[in-house]
Amino acid sequence: MEGELVTPGQVLGKASQLKAGKGAYVSTENDTVYASLTGFRSLIPPPSDSVDQRSTVEVTGHKAHGAVPQPGSIVFARVTKVMARTASADIVCVDSKSVREKFTGIIRQQDVRATEIDKVDMHLSFRPGDIVRALVLSLGDARAYYLSTAKNELGVVTAESAAGGTMVPISWTEMQCPLTGQVEPRKVAKVGA
């Protein structure tokens, strides 16, 4: 297992036997340690005087790569597709560092906002091309990260109107085109947060 090439989302072991080091994380749902990047798996034995006698598992990148989304990271992502229950987005920036690899994020209906979750309309929250500030919840399925915009400071930060103008937020649910005055619904990120 040592030195084995692993990819994001690959199971590295149980949290009861291993601690997650660099390039790895623990899913609290099933107490399993997963790889968060592509690289080589290595085990670091615990110090002999350590109370915790679990080895630490690390994944070290096989090539120089940019930032990698981790659960808890704040990311900027460009919305690519909006469906009835989810929106897909390409992650372009992690904690203000640009990414070199392609990472996909999914914003699920229940993660758009903190209140009135059942009333969320994805098409009134995001449009393709919008830039959103979001929190990485976890590595979801199909190599996509689950993202959340359910805090005031998260949501759409930049949007382009149909007329091609950069829209200005006028409330937490609307943005306005400065060229036409057209108002469009969005899940807006609170400015100055």
With clusters defined by side-chain heavy atoms of hydrophobic residues (ILVMFWY) lying less than 4.5 Å apart, directly or transitively, does [Y] cluster with [X]?
X: Leu137; Y: Ile74; result: yes
X: Ile131; Y: Ile91; result: no
X: Phe76; Y: Phe103; result: no
X: Leu18; Y: Val6; result: yes
X: Val26; Y: Tyr145; result: yes

Any chance NZ of Lys14 has more than 12 other-residue heavy atoms, nucleotides or ligands included, within less than 6.0 Å?
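For Lys14, atom NZ is crowded (more than 12 foreign heavy atoms under 6.0 Å).
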
Taking CZ in Arg78 as the centre, count heavy atoms belonging to other residues, nucleotides or ligands within less than 6.0 Å. Is the count above 12?
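No.
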
[X] side chain near [Y] side chain, heavy-atom distance below 4.5 Å:
X: Val59; Y: Leu12; value: yes
X: Leu139; Y: Ser36; value: no
X: Ser88; Y: Met83; value: yes
X: Asp90; Y: Lys102; value: yes
X: Met175; Y: Val183; value: no

Give the minimum heavy-atom separation between [X] and [Y], together with the two atoms involved.
X: Arg133; Y: Lys190; answer: NH1-O, 4.3 Å
X: Lys187; Y: Arg113; answer: CE-CB, 4.2 Å
X: Pro46; Y: Asp52; answer: CB-O, 3.6 Å

According to ring pair (Phe, Tyr, Trp, His ring centres under 6.0 Å), does anything in residues 11-38 pair up with another residue at least two apart or in another chain? List the pairs.
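Listed once each, the pairs are Tyr25-Tyr34.
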
Cluster partners of Leu124, using ILVMFWY side-chain heavy atoms under 4.5 angstrom, listed by chain and number?
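In the cluster with Leu124 there is nothing else; it is isolated.
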
Show every side chain to side chain donor-acceptor pair (under 3.5 Å) that has at least one partner inside residues 159-172, sequence neighbours left out.
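Qualifying pairs, neighbours excluded: Ser171-Thr173.
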
How would you list, by chain and number, every residue that makes a salt bridge (Lys or Arg N to Asp or Glu O under 4.0 Å) with Asp121, sequence neighbours excluded?
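Listed in chain order: nothing, the list is empty.
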
Could you tell me whether Arg127 and Asp130 make a salt bridge, using a distance below 4.0 angstrom between a side-chain N and a carboxylate O?
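Judged by the 4.0 Å cut-off on N to carboxylate O distance, Arg127 and Asp130 do not form a salt bridge.
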
Would you please name every residue forming a ring-ring contact (aromatic ring centres under 6.0 Å, His included) with Phe126, sequence neighbours left out?
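Phe126 satisfies ring-ring contact (aromatic ring centres under 6.0 Å, His included) with no residue once adjacent residues are dropped.
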
Considering residues at least two apart in sequence or located in another chain, which fulfil the side-chain contact (heavy atoms from CB on, under 4.5 Å) criterion with Ile117?
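Scan of Ile117 (side-chain contact (heavy atoms from CB on, under 4.5 Å), adjacent residues dropped) gives Gln110.
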
CG/Asp111 to OG1/Thr149 distance, rounded to the nearest 0.5 angstrom?
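The OG1 atom of Thr149 is 7.5 Å from CG of Asp111, to the nearest 0.5 Å.
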
Among side-chain atoms of Lys19 and Ser55, is any donor-acceptor pair under 3.5 angstrom?
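Judged by distance alone, the side chains do not pair up.
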
